[in-house]
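Notes to accompany the following structure.
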Amino acid sequence: MDPACPFSLQDELVALLPPGRVLTDTGDRKLLAVDASKLDGDCLAVVRPKTESEVISTMKFAAARGISVVPRGAGTSPTGSALAHGSQIVLDLSAMNRIIDLAPRDMVAVVEPGVMCGDLQSAAEAVGMFYPPDPASAKTSTLGGNVATCAGGLRAVKYGVTRDYVLGLRVVLADGRAIEVGGRPLKSVVGYDLARLFVGSEGTLGVLTQITLKLIPKPARTLTLFATFRDFEGGLLGADAILGAGILPRALEYMDADVMKVASAVSGVSFDPEVRSALLIEVDGSEASCREDAGTISQALATAGAATVEQGDDTEARDRLWLARRSISTGVLQVYGAKRSEDLGVPRGRLAEAVAAIKSAAQSEGAICLAYGHAGDANLHYNFPFNPSVAGAKSAVDRAVQRATAIALQLGGTISGEHGIGLKRREAMRAQVGAYELDLMRKIKTVFDPQGILNPGKMLPE
Ligand code: MLT
Ligand code: ZN
């Protein structure tokens with residue numbers, strides 16, 4: 001045990017739970033107190049429960065002593081929502097990872113929170129069903145984390161976000177009481193929708209211990225297209241043209257030229273240097289509908305000025321087209337060393353305008369802005385890389401981010417389309433949510449967690 005930590009609390013926790021559930025070594029504590037925000041963290045202890053009753057015991061222990069608890073999935077949050085500090089308990093739910101029930105006739109899956117999103121996707125597909133939410137982190141993020149942050153991802157334009165698939169939850173509240181909200185029916189209108197209140201609440205209202213998710217029949221066929229353009233706006237206008245032609249693809253992903261350079265450097269995929277933007281498009285349905293959609297899309301893209309359109313029919317060809325897109329998020333860090341990353345959303349019709357204004361604002365602040373992501377729902381990832389050892393580089397990026405956020409809000413947008421608030425955007429939230437509305441949110445928090453011990457200091461500004 002670490003001499004810096006209060007032994008008695010750690011000892012009590014160890015005695016309370018079955019052997020192996022409580023981790024107190026400095027290495028474990030530091031590793032599991034941080035997330036993808038890359039901020040520093042620590043904790044009093046990590047509890048890794050295997051059952052709901054162990055979660056209940058932990059919450060009762062914490063409530064009785066006024067110790068705060070940070071629920072955690074796989075720690076892929078880029079906003080600091082799973083970050084803990086030295087006096088807190090990290091409740092690591094990754095060992096509650098059973099798919100409890102997969103029921104194609106009911107069109108539901110019942111899972112524990114630590115199941116990886118990608119594992120549910122595969123399990124559902126093995127029985128002819130489909131779990132549409134597909135965050136870029138699907139292979140490394142848990143469904144509990146996806147629900148807690150309302151993860152969006154690559155198929156949201158057609159299928160919606162995690163919220164649209166949550167039917168029911170079992171939740172342990174701050175005082176250790178377990179509740180059940182929502183259920184297994186695909187439709188239900190009975191009182192306030194408490195299940196959805198927990199979706200996106202970032203661990204501030206309760207600890208998810210069981211999740212009932214909607215599944216849909218697996219589409220028979222998927223087809224991928226990759227189009228390139230000679231100007232940065234081309235890909236954005238191409239996306240408009242596809243939707244305008246009456247096609248709703250399941251993915252509609254944009255990349256600008258700087259992003260393509262990064263993708264090329266880290267994935268080995270090469271692009272014509274004249275290309276200024278690209279669009280990755282995926283449709284699904286029957287064999288015939290996919291072929292017909294691909295024809296309509298190719299035509300719309302040609303009219304919108306695409307330089308090239310490539311089609312991937314089989315899994316290997318599709319994976320090749322996706323390779324560049326999937327390498328971006330980590331690729332920017334690999335190439336540049338440091339970045340600020342925003343996931344601003346705007347009303348769909350304002351996307352091209354937003355990207356142009358944000359890039360130009362970045363430039364005038366002496367920063368660069370790389371734009372990529374979900375053009376279908378106008379939620380792009382704006383990455384602002386910088387070299388931390390260059391004086392003034394970080395502050396130029398901070399100013400650029402501030403201006404980018406203001407531009408998105410001025411256009412009627414949002415400061416986060418899918419990554420949420422966590423620690424990093426708490427203050428920025430005030431620019432989007434009114435004081436009275438923030439107060440309503442605080443009151444809701446107090447109803448569920450009067451002592452304020454569940455992930456305090458996250459999401460809601462002071
Ligand atoms: C993505 O769509 O690639 C991710 O949401 C972006 C990221 O991880 O920064
Ligand atoms: Zn994304």
Side-chain angles (χ1 to χ4, degrees), residues 35-39 73-82 116-118 121 132-142 145-146 148-163 200 202 235 239 249-256 258-260 262-263 266-267 269 278-282 319 321-346 348 351 354-355 358 369-386 397 401 404-405 408 413-422 424-425:
D35 58 17
S37 67
K38 306 223 182 306
L39 297 167
T76 56
S77 163
T79 67
S81 56
M116 291 290 169
C117 177
Q121 289 172 338
D134 189 32
S137 59
K139 288 200 167 67
T140 53
S141 64
T142 64
N146 290 177
T149 56
C150 189
L154 302 160
R155 301 196 283 236
V157 57
K158 177 169 180 179
Y159 290 111
V161 297
T162 303
R163 173 181 292 118
E202 301 190 6
R250 79 175 192 179
L252 195 45
E253 294 287 311
Y254 171 80
M255 275 181 250
D256 72 16
D258 291 324
V259 169
M260 294 171 82
V262 166
V266 296
S267 72
V269 178
L279 201 54
L280 193 144
I281 309 119
E282 192 156 270
D319 285 351
L321 296 181
W322 272 102
L323 187 61
R325 169 62 183 93
R326 290 197 192 278
S327 67
I328 303 168
S329 183
T330 49
V332 177
L333 268 182
Q334 262 171 269
V335 170
Y336 288 93
K339 66 172 178 177
R340 276 194 68 178
S341 169
E342 300 300 313
D343 68 313
L344 305 165
V346 292
R348 248 232 107 252
L351 182 60
V355 178
I358 289 169
C369 168
L370 282 63
Y372 68 94
H374 321 303
D377 42 40
N379 169 216
L380 292 197
H381 297 292
Y382 300 90
N383 282 194
F384 302 83
F386 60 96
V397 158
V401 166
T405 306
T414 174
I415 62 171
S416 176
E418 59 180 12
H419 290 171
I421 302 299
K424 286 189 163 179
R425 299 190 177 132

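In each ligand, atom 1 is the first atom listed, and ligand 1 is the first ligand listed.
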Distance-minimising heavy-atom pair for [X] and [Y]:
| X | Y | value |
| --- | --- | --- |
| R425 | G420 | NH1-O, 2.8 Å |
| Y159 | R250 | CE1-CB, 3.9 Å |
| L344 | A408 | CB-CB, 4.0 Å |

query: For R163, does the CZ atom sit with more than 12 other heavy atoms under 6.0 Å from it, leaving out its own atoms?
result: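 Open: at most 12 neighbouring heavy atoms sit under 6.0 Å from CZ of R163.
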Name the closest protein heavy atom to [atom], giving the residue it belongs to and the distance to 0.1 Å.
| atom | result |
| --- | --- |
| atom 4 (C) of ligand 1 | H381 NE2, 3.5 Å |
| atom 2 (O) of ligand 1 | R325 NH2, 2.8 Å |
| atom 7 (C) of ligand 1 | S329 OG, 3.0 Å |

Using a 4.0 Å cutoff against the non-hydrogen atoms of [X], which atoms of ligand 1 qualify?
| X | result |
| --- | --- |
| H419 | 4 (C), 5 (O), 6 (C), 7 (C), 9 (O) |
| H374 | 2 (O) |
| A136 | 1 (C), 2 (O), 3 (O), 4 (C) |
| Y372 | 3 (O), 6 (C), 7 (C), 9 (O) |

Can D134 and K139 be counted as an ion pair, charged N to O under 4.0 angstrom?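 Looking at D134 and K139, the cut-off is not met.
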Check: Taking NZ, NE, NH1 and NH2 as the nitrogens, is one of them in R155 or E282 under 4.0 Å from a carboxylate oxygen of the other?
Finding: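 Between E282 and R155 there is no salt bridge, as every charged N stays at least 4.0 Å from the carboxylate O atoms.
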Review point. With a 3.5 Å cut-off and no angle check, do the side chains of T162 and N146 form a donor-acceptor pair?
Key: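 The answer is no; no qualifying pair exists.
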Any chance the side chains of E342 and H381 put a donor and an acceptor closer than 3.5 Å?
->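 On atom types as modelled, these side chains do not qualify, holding no pair under 3.5 Å.
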Do you know which N/O/S atom name in E418 is closest to the Zn ion (ligand 2)?
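The E418 atom nearest to the Zn ion (ligand 2), restricting to N, O or S, is OE2.
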### Query
So does H374 have any N/O/S atom less than 2.8 Å away from the Zn ion (ligand 2)?
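Yes, within the cut-off.
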When you measure from the Zn ion (ligand 2) to the N, O or S atoms of D343, does any of those distances fall below 2.8 Å?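 Under 2.8 Å: D343 has no N, O or S contact with the Zn ion (ligand 2).
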For R326, state whether at least one heavy atom is located under 4.0 Å from any atom of ligand 1.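 The answer is no: ligand 1 sits nowhere under 4.0 Å from a heavy atom of R326.
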